[in-house]
Structure formats: C-alpha cells, structure tokens
Asker: 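Got a structure here, written out as structure tokens. Questions coming.
Fair warning: this is a prediction, and the values are worked out from it, not measured in the lab.
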Amino acid sequence: MRTPDFLNFQRLEGRIVALFLALLLAVQAASFFIIRTSIASNADASIAAELKTGNRVLHRLLAQEAYKLSDASELLAKDYGFRRAVGLTLAEDGSIETIRDALANQGERIGASVVAYFNNDLHLVAATNDDAGRFVELLKQTQASNGLAQQKDSSKMQLTLLDGRAYQVAIVQVKTPAPVGWILMGFELDNNALLDLQQLSDLRAVIVRQNSKGEWHSLISNLDATAANSLLDQLPAAGGMFPALLADEQMRGLFVPLLQQGKQQQPMGLVLLRSFDEAVAPYRALQLTLLALTLLGVGVFVLGAVLMARRISRPITGLAKVAARLGRGDYDRPVQRKSADEIGDLAEAFEAMRQGIRSRDTYLSELAFRDSLTDLPNRAGFVERLESLLQSRRQESSTAASASVAVLMLGLDRFKHVNDVQGHAFGDQVLRAVGLRLQALLNGQAHLLARLGGDEFVLLLEQADEQAAQQVANAIRHDFETPLCLDAQLVDLSAGIGIALFPQHGDSAVLLLNRAALAMYTTKKRQSGSTIYNTQMDVGSQESLSLLSELRRAVEGGELRLYLQPKVDLRTGAVISAEALVRWQHPQRGLVPPMLFIPFAEQSGFIRELTRWVIAESVRAWPRAAPNCWRSMALAPTGSRWRSRKA
C-alpha cells in the first residue's frame, strides 16, 4: 500500500506538512512551557506570601494567649489576699497551703497547666504541680535579664521545652511593695491555635523540636501523624522556604525557629505548609483547556497544511511529469499554464524550454545526420540507412543477387596538396563540386551518396553485385577524367575506390565501411583505380597494428639492439666514423628487419622515442668503441641508420 504523500517526508508535500506542524508544535510547546513556568512561579510567590502571613497570624494568636496569661499572672501578683498570704509566710505566721490554694484557683480560672510561686532566692515555695521546679532555669534567665526588681515592668512571656513538651510561660515579680518573689504561669501548647490558623488561611502547621542527636520530632500538628512524620525528613537545616511532598501532594513550606538553642533547652520551630497542587489547580484546568484548544488547532492546522501542500505539490508533480515526457523526447504536446502564480511562471518556462528544445533537436538532428558542407548525409546518417537496409536483407530468405548490397568508398587523391596551395576555402569548393558531380552521375538512381569526412565519400548501391559495383567505380573514374573548373582554376580529379559487398565481406554497416576503407587505402597505395576487398588486407593491417603496439614496449623491455658499422680511410687505414644501425630482437618473431618497423615508427611519431634511444646507446658505446679518437659525434637518422662522424 502506497504511503500518502503528506506522510512521506521524502516528498515535498510531506516536508511542507512536517515543517508547518513542527513550527506549530514548537510554538505551542514553548507557550505551554512558559505558561507552566509562569504559573509555578506565580503560585510559589503567592504561597510564600500566604505562609508569611500565616506566620504572623499564628504569632498573633500565640501572643494573644501570652497576653492573657501575663494579665492573669499580674492580676494574681497584685491580689491583696495573695500578697498578704505571701507576707505572712515570710513572717512565718502564714501557711503555704494558702498560697497554693490561691495559685490553684487562679490557674483553674484561666486554664493554666502550671502555676508556681518562687521566692527571691528562686526556691519553689508553692505550685499547682509537683514538677514546677523544672522551670527554675527559665526563671533564672528571666531574673538575669530583668535585673530583679530594678525593671518597672517585670512581666515576661516565653516559650520553653520541658521533657519534650512545649510551654508558653509568663513570669511576674511579686512586690509587697518590695520584691518578695516570682509568680510563674505556663500553658502547655496544644493544636487549638494551629486549628484556628487552618480555618483562617487553609494552612497546615506543625511545631517541631530537635533532640540532642539533631533529630526532629513533631510536638503539635494539625496534620495526621503519618504526614507529620514524613515531613520531618524534608525540613531544611537553615530554615526558610522549602518544597515538600506529603502523600503524593506537592507542598510548599516555611520553617521558622521558635526557640533558640540554650544550655538546658532544645530548639523548637514552626513549620507552615500550603498545598502547591491546590494553589495551581485552577490554572491546571486552564492549561488543560489550552491543551485541548492546541490539539484542536493542530488538527485544523494539519488539515490546512495538507491542503496547502497539495495545492503546491500537485502542479509541481504535473510539471515533473512534463519534464519526464520531455526527457523521453516527446516535444509535441504543449505545457499548459493553469495559474498566475510562481507555478504558472514555471509552467510557462517549461513551455519555452519545450519549444527551444524542439527547435534545437530538429537542428541537431540535421547536424547529426547531414554534412553541412555538401548537404549530403554524413557518416552517422549513412550508417543508419545502411544498417536499416542490412536488417531488412537479413530477414529475407532469398539468396538471389538482388539481395546483395555494395559499398563503395572513394578517397580523393592529392586533396591535401589542393588545400595547401589554394587554401581550405577552395578545398571546400572542390568537395562541394565533387558531391554535385557524383550526384549527377547517379542520375536519380535509388542509391545513397554520403560524405564521411575530409576527402572521403561513400556510395551505397542496393541490389548490386561485384560486377555492378565495379561498373559504377569505372564510371566514376571515367567521369573524373574531366577536370573541375573553379574560380578560373582547373583541378584534375582522381580517386581511389574501395569496394565491400554484403553478405560476402560483412553483415554489419560498421564492418562493411571498415573493409571498404581498407580496400580504398590499398587502391591508393597501388594506384590501381579501384579494388574489391579481400581477407589479405585485414591480415596485413592487423599485423602492422600488432608490430606498432609491440614496438612501444620494445624500448622499455630492452629488445632493441645497436650495431656500429665502422668506416675506414683506405689511404691511412684509420677508422674515421661509424654508422649506427638499430635492430629489433623480437622474443617471438626473432630479428625483425628495420624496414618492417621503421616506417610505422615514422608514421606514428614514435620515431622520436626511437631516435633518443639510439643517441643514448651510441653515447654509451662511444668510449668503448674509440676511447682515444672521438671528440664529438653528430647523429642524424637516415631511414634505419644513424651516422656518427669524427669532428
């Protein structure tokens, strides 16, 4: 099943959709992240403000309890009956029970956990609880800070820890009118203030203490025990704001110290908590709404992107099919412009390209198959026509003479001399005149005349055997006996003609042309007018090519031999010069005579390499041949010989 184009990222339609969708998702993701971060930041700031407000509210609630306790303590300290009982006790005329009853009555009236009276020496005189003596250290600290009776306001409210319990304590000095002792009233802290705080601000609160090992323990809390205990491991060491997780609920907390470290006291702190999840819950709903709108927008955007991509890609696909059609060579159907946008401009450019290619293709076809100088078919056109004719002949079962085909290749003699003397423009006129004369000679017969290049022409004779081909060749030679007259110049014409026949000499157009060319070159060498191809011509040509190829490797392979033929002055009997001779010691052919390879070396230009080799070898042989009589030597190639003479 073919994947739709808008899902295939290798297609333009798929890339457009993917790009638009990626941009939309990137923008939406960035917006979602920024909004989420902003919500979290705003929620943290709002929660921090709530926690600080809650801290002040709780301290205000505790302060109200402290004022209540302090007022009750001052009231008892100023009570006449209590001061009289204290005075009588000091005079040893009263009973301690009277003081204890007064303390108990006042403690019950205000709900105090402990009420105690200490004398000036800080000895416990009477108390409502037997363990009231534990507060003596707190009393000593108060006495030291107040300077005993020197302070006019001797009341003092404090928080303290005793045996793992938190107390709110008020201490008031008793005067009659001179200072006679201290009244201490304390409330054991409970969670009433914390519950009030939760009702007022929806804050959770925990009062914690730290033991001597540095471990925190919950004293008072409006949380359940499990949540309070899980909070203890998340408290920061330095206090302040901190995140917390209670029962999979994100919380934000504020840790405030309530009691500084003392010699006999343990630190105590207040932890206020606010649910982060509850704070951002309204925003989460807004985020979900935004997410739903984003998904809806993505769907609409994808649909729009697909439609837009198809509107862009389909005309391009159509133009791609047009380009493929043009690539196959179909230039007949015009390209229609269907829009006024850039795609329409591209279609118009394709139409202009089609017209241009069509006109150039027609022109190139003319150039490819016709000779521009003589307006005759060229080699490619001749080969195409000949191959088509041979194909039809091969399909015929008849072996009659009518099935034979003759190829005549004609090469003008001395045409290079005409170009050198009269110039190439005159030579072009000669070629055109030869073409016209050959066409006139055929006299409208069903033959094909072509120019292969240079001074070579070729004639295709259909239904012609060897005798008919020879007759046409003789007719051409006879016609060429009449000179050409061009620009008041007479030009003698002669040509060598080579003949190859189908099917005797080959069954392909290329093979027939090659063998007709061999016959033509043979005719030119022999000056015989016309020659019919035979197999001996092929053997000689292949042998020459083989020798020339092997000669190129003979120098590197050390197969050449240098012979020095001395020349003697008959009058003096002295050697006056030497003639350098080269021979080729072929590994298979034996000693090859110079006349078999020197002409090919001269024709191919390899004679220069051969000359350098002879000079180098002669220089090496020079000291050995005549070490005392040679001063200089000049070498010049003469056929297969190089002469060396004494200077």
Side-chain angles (χ1 to χ4, degrees), residues 1-27 298-395 448 450-453 458 460 507-514:
M1 181 177 180
R2 183 176 180 270
T3 304
D5 288 343
F6 69 89
L7 295 179
N8 187 355
F9 296 151
Q10 295 181 351
R11 305 286 294 178
L12 178 61
E13 185 175 332
R15 288 198 295 268
I16 292 175
V17 173
L19 176 61
F20 285 4
L21 184 59
L23 290 176
L24 176 63
L25 292 178
V27 171
V298 167
V300 174
F301 197 82
V302 168
L303 180 60
V306 169
L307 295 178
M308 177 63 71
R310 287 184 176 178
R311 184 174 181 180
I312 295 174
S313 63
R314 283 184 176 177
I316 295 178
T317 302
L319 292 178
K321 294 179 179 179
V322 169
R325 175 167 55 84
L326 295 177
R328 293 191 298 268
D330 182 4
Y331 307 123
D332 297 330
R333 286 181 291 172
V335 181
Q336 300 294 333
R337 177 169 184 166
K338 298 182 179 180
S339 62
D341 55 8
E342 289 81 358
I343 303 297
D345 295 339
L346 184 60
E348 187 174 354
F350 266 80
E351 173 60 17
M353 181 180 70
R354 182 193 70 84
Q355 295 177 0
I357 292 176
R358 183 179 182 181
S359 62
R360 284 189 293 273
D361 185 67
T362 303
Y363 176 69
L364 291 176
S365 296
E366 292 290 331
L367 291 179
F369 295 102
R370 298 199 69 81
D371 177 52
S372 59
L373 180 63
T374 61
D375 199 30
L376 295 174
N378 59 11
R379 179 183 292 270
F382 183 83
V383 169
E384 183 183 37
R385 172 69 181 276
L386 178 58
E387 191 62 44
S388 175
L389 179 61
L390 297 181
Q391 180 68 23
S392 63
R393 290 290 191 271
R394 284 192 291 266
Q395 293 175 355
L448 177 64
R451 178 181 174 234
L452 299 182
V458 65
L460 172 62
D507 61 351
S508 69
V510 175
L511 188 58
L512 287 175
L513 280 175
N514 290 339

Asker: Applying side chain to side chain contact (heavy atoms under 4.5 Å, CB included), name anything that partners Ser508, two or more places apart in sequence or on another chain.
Answerer: Glu387, Leu511
Asker: How far apart are the closest heavy atoms of Ala450 and Pro377, and which atoms are they?
Answerer: CB-O, 3.0 Å
Asker: Using 0.5 Å steps for rounding, measure from the CG atom of Leu448 to the CG atom of Leu389.
Answerer: 9.5 Å
Asker: Could you list the residues that satisfy side chain to side chain contact (heavy atoms under 4.5 Å, CB included) with Ala352, not counting sequence neighbours?
Answerer: none
Asker: Test of understanding: with salt bridge (Lys or Arg N to Asp or Glu O under 4.0 Å), list the residues that count as partners of Asp375, not counting sequence neighbours.
Answerer: Arg370
Asker: If we check side chain to side chain contact (heavy atoms under 4.5 Å, CB included) with Leu452, which of these qualifies: Leu376, Asn378, Val458?
Answerer: Val458
Asker: CZ/Phe382 to CG/Leu460 distance, rounded to the nearest 0.5 angstrom?
Answerer: 4.5 Å
Asker: Tell me, please, which residues at least two apart from Asp371 pass side-chain hydrogen bond (donor to acceptor under 3.5 Å, both in side chains).
Answerer: Thr374, Arg451
Asker: What residues, two or more places apart in sequence or in another chain, satisfy side-chain hydrogen bond (donor to acceptor under 3.5 Å, both in side chains) together with Glu384?
Answerer: none
Asker: Does Ser388 use its side chain to pair, donor to acceptor, with the backbone of Arg385 at less than 3.5 Å?
Answerer: no
Asker: In Å, rounded to the nearest 0.5 Å, how long is the span from CZ of Arg379 to CG of Leu513?
Answerer: 6.0 Å
Asker: Nearest heavy-atom pair of Phe369 and Ala380: which atoms, and what distance?
Answerer: CD2-C, 3.8 Å
